[in-house]
Amino acid sequence: MLLSVQPPMSEPFLELVDISKIYPGVVALDHVDLSVSPGEVIALIGENGAGKSTLMRVLGGVVEPSGGIIRVDRVERPSLTVADAIRAGIAFVHQELNLFDNLDVAGNVYIGREPVHGGPLKLIDRKRLYAQVRPLLDRLGADFEPDAPLVELSLAQRQLVEIMKALSLDARLVIMDEPTSSLTLTETDRLMRVIAALKADGVSIIFITHRLNEVTQCADRAVVLRDGRMVGALTRAELTPAAMIKLMIGRDLKSLYVPPAAPPGGSVLDIVDVVTDTYPDRAVSLSVRRGEILGLAGLVGSGRTELARAIFGIDPLRGGAVRLEGEPIRIATPRAAIEHGIYLIPEDRKSSGLLLDLSITENVSLPDLLSYLRFWLVNTAREAENAHRQRERLKIRTPDVATSVGSLSGGNQQKVVLAKWLSMRPKVLIFDEPTRGVDVGAKQEIYDILRRLTDAGVAILMISSDMEEVIGVSDRIAVMHEGAISGFLDRGQFSEHNVLQLAVGHTV
């Protein structure tokens, strides 16, 4: 869906001029300029660590700049407080939503500002509260009621609640941080329509994302940061993925993706009529060959992650068979999968793939800890040696393998998950959303790693909701629809149209 947007003609109401922020030993922002006009949609893009979050914290009054001026409605000041930002109409919709599950929609929108009845008890006036929220629901086209319990809402609906909070404060500028990172394609399209409606009402949007196709969908212009500096701005007419990537990483890339290597060898993993709990009346059959990246595409809810969990032994198989190198195997637990050389890099690395409070060394050695034991004590020198080797192999950016994983960027965290398995000589790697929340530079590095693994004979099953990624990285694509494979595509058949046709259950 391409939104119709026109560059705003009015004067900026908000300007950041020559903004710098210096921490001990680190220049986080280096003389950055940014202006915002009414009804303008600005994409703020750059790799992790480029300075995007710091700049937005300056704008929100959370961080005091080291230099520069902030001009709001032509009034200059050296910095903003949080209260100043709210009065100026600046509101945030954070990637991690700040909502309360034990309240209803209206309670979340007006928390701390609820209308109350007269009298000494000051009880909340529910009727007035719901009446105040109703116009906001109508404005955003929400399909839930003011009294709906938040715990019953989907992630996309909760995001609308956050946007309603911003609008209830008479926001003139809404800053959205990675708003689509966990949304389906349908929910993302709906958010794009909400952004277009806000723009039409004169509300400005700063849209932070790693998904460049969304920038071309909704932005009037893109502002690019690299290493704390503003390295360029692209107008609507200039917004192409190639132009954005060149500014973000400082070099041209003909493609984000590594070309496929030599034709793959024989089958390593065969899934034969496998049945999972989610779709007990459907069966999945596919094969992954040695030295191949098989992309597994499909809409959210098609059963891709459920299949990965069953292959890895997290969830039970309700039928069918799994063969490894032609031999039938039984996988009842993740330990059994690991013993056969089948490893999973999960969709949610923070909750399922890593222990964030532990070091890189401890995370890397954990799945194979017994091999590091000597007289039932962990050989910490061997642990550290292996962690150093994997850090260099995967280019994990950290000065020390004793660093806690929670302090790393998304791309480096993903590399640590991968480092665990590479220490154990995998036969099959299952990647579930390998680059979710990862910047474009780290994506390139992960794609390079995938190709090096297949060159070494590893079979890779890659689940991804990123259409460009599936088409660019895969040697073949299998598409799922409602718990079954609806079709396979060879490279000569790759196109968004063909993938989507199969994803909705049609033939190609």
Side-chain angles (χ1 to χ4, degrees), residues 258 260-274 276 284-296 304-317 320-347 349 352-354 363-372 386-387 389-390 393-394 414-434 446-464 473-478 485 488:
V258 180
S267 176
V268 176
L269 180 71
D270 293 296
I271 308 300
V272 183
D273 294 332
V274 161
T276 64
V284 179
S285 295
L286 58 83
S287 296
V288 192
R289 299 178 294 201
R290 189 181 311 280
E292 173 185 55
I293 300 174
L294 175 65
L296 188 58
R304 298 169 303 164
T305 294
E306 291 79 3
L307 176 64
R309 289 171 59 90
I311 296 171
F312 191 60
I314 298 173
D315 297 333
L317 289 176
V322 178
R323 298 193 188 112
L324 186 68
E325 297 177 321
E327 296 295 325
I329 59 174
R330 183 174 180 271
I331 303 176
T333 64
R335 174 51 58 188
I338 291 169
E339 289 172 353
H340 286 295
I342 300 172
Y343 307 143
L344 171 67
I345 289 87
E347 178 181 15
R349 58 180 170 264
S352 304
L354 297 167
N363 272 277
V364 169
S365 63
L366 192 58
D368 196 28
L369 195 58
L370 289 177
S371 70
Y372 295 94
N386 179 55
R389 186 163 55 250
Q390 297 302 335
R393 179 183 184 184
L394 300 178
Q414 190 74 319
K415 291 178 186 178
V416 174
V417 180
L418 185 54
K420 296 191 308 184
W421 303 130
L422 296 191
S423 303
M424 300 169 64
R425 298 187 178 181
K427 293 179 181 178
V428 179
L429 278 173
I430 305 170
F431 280 78
D432 195 352
E433 303 291 355
I446 290 172
Y447 300 147
D448 288 340
I449 292 167
L450 295 186
R451 188 53 68 191
R452 292 204 306 269
L453 288 169
T454 57
D455 288 347
V458 177
I460 293 177
L461 179 62
M462 183 189 74
I463 301 168
S464 179
V473 176
S474 307
D475 299 321
R476 282 189 305 141
I477 298 174
I485 299 294
F488 292 89

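No hydrogens, no waters, no symmetry mates; every other heavy atom, side chains included, goes into these values. Only a predicted model underlies this, so the values are computations on that prediction, with no experimental measurement involved.
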Practice task
Hey, could you give me the CG/CD distance between Leu354 and Gln414, rounded to the nearest 0.5 Å?
Solution key: 8.0 Å

Completion exercise
To the nearest 0.5 Å, atom CE of Met424 lies from atom CG of Asp368 at 4.0 Å

Problem - Smallest separation among heavy atoms of Asp432 and Ile463, with atom names - result: OD1-CG2, 3.4 Å

Practice task
Hey, can you tell me if Trp421 and Phe312 have their rings parallel, tilted or perpendicular (30° and 60° cut-offs)?
Solution key: perpendicular

Problem - Set of side-chain contact (heavy atoms from CB on, under 4.5 Å) partners for Asp273, sequence neighbours left out - result: Ala283, Ser285

Problem - Set of side-chain hydrogen bond (donor to acceptor under 3.5 Å, both in side chains) partners for Glu292, sequence neighbours left out - result: Arg289, Arg476

Completion exercise
Here the pair of heavy atoms bringing Gly353 nearest to Val417 is O-CG2, 4.0 Å

Fill in the blank from the handout: Residues passing the side-chain hydrogen bond (donor to acceptor under 3.5 Å, both in side chains) test with Arg389, sequence neighbours excluded, are Asn386

Practice task
Could you pull out the closest heavy-atom pair between Pro346 and Leu344, with the gap in Å?
Solution key: CD-O, 3.5 Å

Handout entry: Taking every non-hydrogen atom, the tightest pair across Ser267 and Leu269
Key = OG-O, 3.6 Å

Practice task
Might you work through the side chain to side chain contact (heavy atoms under 4.5 Å, CB included) test for Leu461 and Leu429, ending with a clear yes or no?
Solution key: CA-CA 6 Å; Leu461 179 62; Leu429 278 173; over 6 Å; no

Practice task
For Thr276, check side-chain hydrogen bond (donor to acceptor under 3.5 Å, both in side chains) against everything at least two apart and list the hits.
Solution key: none

Fill in the blank from the handout: Applying side-chain contact (heavy atoms from CB on, under 4.5 Å) to Leu317 and not counting sequence neighbours gives Val274, Ala310, Val322

Handout entry: Derivation and outcome, side chain to side chain contact (heavy atoms under 4.5 Å, CB included), residues Ile329 and Arg323
Key = CA-CA 6 Å; Ile329 59 174; Arg323 298 193 188 112; over 6 Å; no

Exercise for the section: Evaluate side chain to side chain contact (heavy atoms under 4.5 Å, CB included) for Leu418 paired with Ile345, printing each intermediate quantity in order. Expected result: CA-CA 7 Å; Leu418 185 54; Ile345 289 87; 4.3 Å; yes

Fill in the blank from the handout: Smallest heavy-atom separation, Val284 atom then Ile271 atom, equals O-CG2, 3.6 Å

Completion exercise
With sequence neighbours left out, the residues meeting side-chain contact (heavy atoms from CB on, under 4.5 Å) with Ala478 are Leu294, Leu296, Ile485, Phe488

Completion exercise
The side-chain hydrogen bond (donor to acceptor under 3.5 Å, both in side chains) partners of Thr333 (sequence neighbours excluded) come to none

Problem - Criterion salt bridge (Lys or Arg N to Asp or Glu O under 4.0 Å) on Arg451 and Asp475, from CA distance to verdict - result: CA-CA 10 Å; Arg451 188 53 68 191; Asp475 299 321; 3.2 Å; yes

Problem - side chain to side chain contact (heavy atoms under 4.5 Å, CB included) evaluation trace for Val428 with Val288 - result: CA-CA 8 Å; Val428 179; Val288 192; 5.6 Å; no

Handout entry: side-chain contact (heavy atoms from CB on, under 4.5 Å) involving Glu325 - partner list, sequence neighbours excluded
Key = Val268, Arg290, Lys427

Practice task
Give a yes or no on whether a salt bridge exists between Asp315 and Arg309, defined as a side-chain N under 4.0 angstrom from a carboxylate O.
Solution key: yes

Exercise for the section: Mind checking the CD1-OH spacing from Ile293 to Tyr447? Nearest 0.5 Å is all I need. Expected result: 10.0 Å

Exercise for the section: With sequence neighbours left out, write down each residue that passes ring-ring contact (aromatic ring centres under 6.0 Å, His included) with Phe431, or none if nothing qualifies. Expected result: none

Exercise for the section: Please report the shortest heavy-atom distance between Ile314 and Pro334, naming the atom on each side. Expected result: CG1-CG, 4.0 Å

Handout entry: Of all pairs that satisfy salt bridge (Lys or Arg N to Asp or Glu O under 4.0 Å), the ones with a partner from residues 328-345, not counting sequence neighbours
Key = none

Fill in the blank from the handout: Rounded to the nearest 0.5 Å, the NZ atom of Lys415 sits from the CD1 atom of Ile449 at a distance of 5.5 Å

Completion exercise
Rounded to the nearest 0.5 Å, the CD1 atom of Ile430 sits from the OG1 atom of Thr305 at a distance of 11.0 Å

Exercise for the section: Starting at OG of Ser423, measure out to CG of Leu366 and round the result to the nearest 0.5 Å. Expected result: 11.5 Å

Practice task
Check salt bridge (charged side-chain N to carboxylate O under 4.0 Å, His left out) between Glu347 and all other residues, then give those that pass, not counting sequence neighbours.
Solution key: Arg436

